[in-house]
Enquirer: 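Would you mind keeping the following structure in view while I ask a few things?
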Amino acid sequence: MSRTEELSRRTGTEGQSRGRWPALSVLVLAVLLVAVDATVLGLATPALSEDLKPSGTQLLWIGDIYSFVIAGLLVSMGSLGDRIGRKKLLLIGATAFGAVSVLNAYASSPELMIVARALLGVAGATLMPSTLALIRNIFHDPKERSLAIGIWGATASAGAAVGPVVGGALLQHFWWGSVFLINLPVMIVLVIVGSKLLPESKNPVAGPWDLISVGLSLVGIIAVVYAVKEAATHGPSWEAAGIAVLGIGTLYAFVRRQFTLTAPLLDMRLFKHRGFSGAVLADLLTVFGLSGLVFFLSQFLQLVQGREPLEAGLAELPAAIGAVATGLLAGRYARKYSVRVLVSGGLAAIGAALAVLTVIHKETGYPLLGAALLVVGLGAGFSFTVTADVILSSVPKEQAGSASAVSETAYELGAALGIALLGSIVTGVYQSFNAPASVSGPVADAAHESLGGAVEAAKSLDPETARTMVEAAQVAFVDGLRLASGVGAAVLLATAVAAWFLLKGQKLQDGIEH
């Protein structure tokens, strides 16, 4: 290549990338929007339980219906962004996300809250694939892109930190619904600034959006996850088995249909790339192992150890701090050492930290909890950032939306399955506790639904009986949390071993794309 051609190529690349860092600041706002929403729900769960009085099953649905819906729609929305434009889809989704947040804030019953969370999942499905796909198309230098993905991941972790702290401060002075309203100012800034700074990008040869594939994807994923949830909560049944068969059959039909379409919703050939498949699997099982812990840790800190909401939010900061620190360095270290060392090492660190949590009890001091959370964050920062980079680097930029959607689907599906299975372990162990013999049927039933329900039900009892019942409920809850942490640790350590083999020889790109 001549010096003139090289200069021309570099000038073109710089022109395409002009304003890329200001544009990234808008994309991380969208990530912040989703991350804050996810973390404040866990913090608000005790207050929400006391106000809306959901059953144990309803409480799990409130926690995971968002992930169910978003997992079912991510592939479809990522593909839609490739077709109509990722910027357009992002701005529409952000507007809808803010509006539905208001509905979440003012939900007056468990049923309405579940519906509101489902609608939030529809809006949320438009955001994450669009942000990653835009990063793939804005940053042409792989080293710059690794840093951008690190900032993207670090912002998600920062949102996980900001959410509990801000949410805790709000819960100290306002009702639980206020934690959802903090989405509004972020959404407004995102839409106004994003409309000016973000470049539009799409796949110029994407073809039509196949609605049959959209329906098959949605029905298949939701049916499978629902069946797993029902079997974990109520034990195996013919109903759960039938729904599982329906879901698996629907997903099989989805895959078969993709191979027959000239413009598939999801190009199944992506999974022939071992690095792509290994990174997706690592994402799914990592989130599976973490999600149960994240969902129930806020309840442990508040309802078992008696911390105020703000204090509980601050107690969870080490995980976010660790993830931010390693997320920013992950791309550099992955090139210096290797992809599989960082991913497998990060997964093993998370597994070890979860194993430590199998020994916690009501009086466990904060140094042990804080250290475990810090290690979880350090491991997650390395693992999530590098796998996201591998997934995006494995495909042409025209397919960035679909690839990002697969990554996010793995994340959300892992969260849904983790809350369903690990959450059901906690709930199953918890519901086995023995209430005092003097406690009446309705009060005992309310206490067995959830730990928040036990604390609320105890208010109607005499002080001695109330103390006895709450202590028994707390012991059972911690027993369940320990068992779920052990299962999560086993999953993470096994995933670390699998990632070591699946990511063998995988490298991140170094040269500027042209």
Enquirer: Who are the side chain to side chain donor-acceptor pair (under 3.5 Å) partners of Thr385, not counting sequence neighbours?
Expert: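 For Thr385, no residue satisfies side chain to side chain donor-acceptor pair (under 3.5 Å) once neighbours in sequence are set aside.
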Enquirer: Dump the intermediate steps for side-chain contact (heavy atoms from CB on, under 4.5 Å) on Leu181 and Tyr106, then the final yes or no.
Expert: CA-CA 10 Å; Leu181 298 180; Tyr106 291 99; 4.1 Å; yes
Enquirer: For the backbone of Val475 and the side chain of His361, can you confirm whether one donor and one acceptor N or O come within less than 3.5 Å of each other?
Expert: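 No.
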Enquirer: Kindly say whether Ala123 contributes a backbone atom to a donor-acceptor pair with the side chain of Thr126 at under 3.5 angstrom?
Expert: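 Judged by distance alone, yes, a pair lies under 3.5 Å.
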Enquirer: Tell me, which pairs form a side chain to side chain donor-acceptor pair (under 3.5 Å) where one or both residues lie in residues 468-481, sequence neighbours left out?
Expert: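 Found Lys362-Gln474, Arg467-Glu471, Asp479-Arg482.
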Enquirer: Could you grab the distance from atom CE of Met77 to atom CG of Leu90, nearest 0.5 Å is fine?
Expert: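 Going from the CE atom of Met77 to the CG atom of Leu90 covers 12.5 Å.
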Enquirer: State which residues pass side chain to side chain contact (heavy atoms under 4.5 Å, CB included) with Val255; sequence neighbours excluded, sorted by chain then number.
Expert: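 In terms of side chain to side chain contact (heavy atoms under 4.5 Å, CB included), with neighbours along the sequence ignored, Val255 is linked to Phe259, Met268.
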Enquirer: Of the non-hydrogen atoms in Ile350 and Gly379, which two are nearest, and what is the gap between them?
Expert: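 That would be CD1-C, 3.8 Å.
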Enquirer: Quick one: does Arg307's side chain get under 4.5 Å of Tyr366's, heavy atoms only?
Expert: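 Yes; the side chains approach each other to less than 4.5 Å.
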Enquirer: Just by modelled atom types, is the Leu378 backbone N or O under 3.5 Å from a matching donor or acceptor in the Thr326 side chain?
Expert: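 Yes, Thr326 side chain to Leu378 backbone: donor-acceptor pair under 3.5 Å.
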Enquirer: Is there side-chain contact between Val356 and Val375, with heavy atoms separated by less than 4.5 Å?
Expert: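 Counting from C-beta outward, Val356 and Val375 never come under 4.5 Å.
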Enquirer: State the CG-OG distance between Leu218 and Ser213, to the nearest 0.5 angstrom.
Expert: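 Answer rounded to 0.5 Å: 12.5 Å.
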Enquirer: Would you name the heavy atoms of Ile425 and Gly480 that are closest together and state the gap between them?
Expert: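 Residues Ile425 and Gly480, closest heavy atoms: CG2-O, 4.2 Å.
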Enquirer: Would you mind reporting whether Phe384 and Ile149 have side-chain heavy atoms less than 4.5 Å apart?
Expert: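 Answer no - side chains too far apart.
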Enquirer: Roughly how far apart are Met469 CE and Leu461 CG, rounded to 0.5 Å?
Expert: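 Rounded to the nearest 0.5 Å, the CE-CG separation comes to 5.0 Å.
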Enquirer: A side-chain contact here means heavy atoms from C-beta on lying under 4.5 Å apart; do Leu317 and Leu314 qualify?
Expert: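 SC-SC contact between Leu317 and Leu314 confirmed.
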Enquirer: Rounded to the nearest 0.5 Å, what separates atom CG in Leu27 from atom CD1 in Ile151?
Expert: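 It comes to 11.0 Å.
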Enquirer: Contact between Leu357 and Leu369 at the side-chain level, heavy atoms closer than 4.5 Å - yes or no?
Expert: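 Yes, their side chains come closer than 4.5 Å.
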Enquirer: State, with a plain yes or no, whether a side-chain heavy atom of Val455 is found less than 4.5 Å away from one of Gln302.
Expert: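 Side chain of Val455 against side chain of Gln302, heavy atoms only: no contact under 4.5 Å found.
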Enquirer: Which residues pass the side chain to side chain contact (heavy atoms under 4.5 Å, CB included) test with Val193, sequence neighbours left out?
Expert: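 Side chain to side chain contact (heavy atoms under 4.5 Å, CB included) list for Val193, sorted by chain: Val26, Val189, Leu197.
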Enquirer: Can you list the residues that meet the side chain to side chain donor-acceptor pair (under 3.5 Å) rule with Thr250, with sequence neighbours excluded?
Expert: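 Counting only residues at least two positions away or on another chain, Thr250 forms no side chain to side chain donor-acceptor pair (under 3.5 Å).
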Enquirer: Going by the rule side chain to side chain donor-acceptor pair (under 3.5 Å), which residues pair with Tyr252 if we only count those two or more places apart in sequence or in a different chain?
Expert: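 Only Arg256 meet the side chain to side chain donor-acceptor pair (under 3.5 Å) criterion with Tyr252.
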Enquirer: How far does CE of Met113 sit from CG of Leu120, to the nearest 0.5 angstrom?
Expert: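 Reported value, rounded in 0.5 Å steps: 9.0 Å.
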Enquirer: Work out which heavy atom in Gly370 is nearest to a heavy atom in Pro318; give both atom names and the distance.
Expert: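 Answer, listing the atom of Gly370 first, then Pro318: O-CB, 3.6 Å.
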Enquirer: Please report the closest heavy-atom contact between Ile62 and Arg117, naming both atoms and the distance.
Expert: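 It is O-NE, 3.7 Å.
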Enquirer: Looking at Thr364, is its backbone amide N or carbonyl O close enough to the side chain of Gln305 to form a donor-acceptor pair, meaning the two atoms are under 3.5 Å apart?
Expert: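 Yes: the side chain of Gln305 pairs with the backbone of Thr364.
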Enquirer: Measure up the Tyr430 and Phe477 rings against each other and bin them: parallel (under 30°), tilted (30 to 60°), perpendicular (over 60°).
Expert: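 The arrangement is perpendicular - the two ring planes meet at more than 60°.
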Enquirer: Measure across Leu91 and Ser195 and return the closest heavy-atom pair with its distance rounded to 0.1 Å.
Expert: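 Nearest heavy atoms, Leu91 then Ser195: CD1-CA, 3.9 Å.
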Enquirer: Could you tell me which non-hydrogen atom of Gly351 sits nearest to which non-hydrogen atom of Ala489, and how far apart they are?
Expert: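 The pair with the smallest heavy-atom distance is O-CB, 3.3 Å.
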Enquirer: How far does OG of Ser383 sit from CG of Leu492, to the nearest 0.5 angstrom?
Expert: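 One finds 8.5 Å between OG of Ser383 and CG of Leu492.
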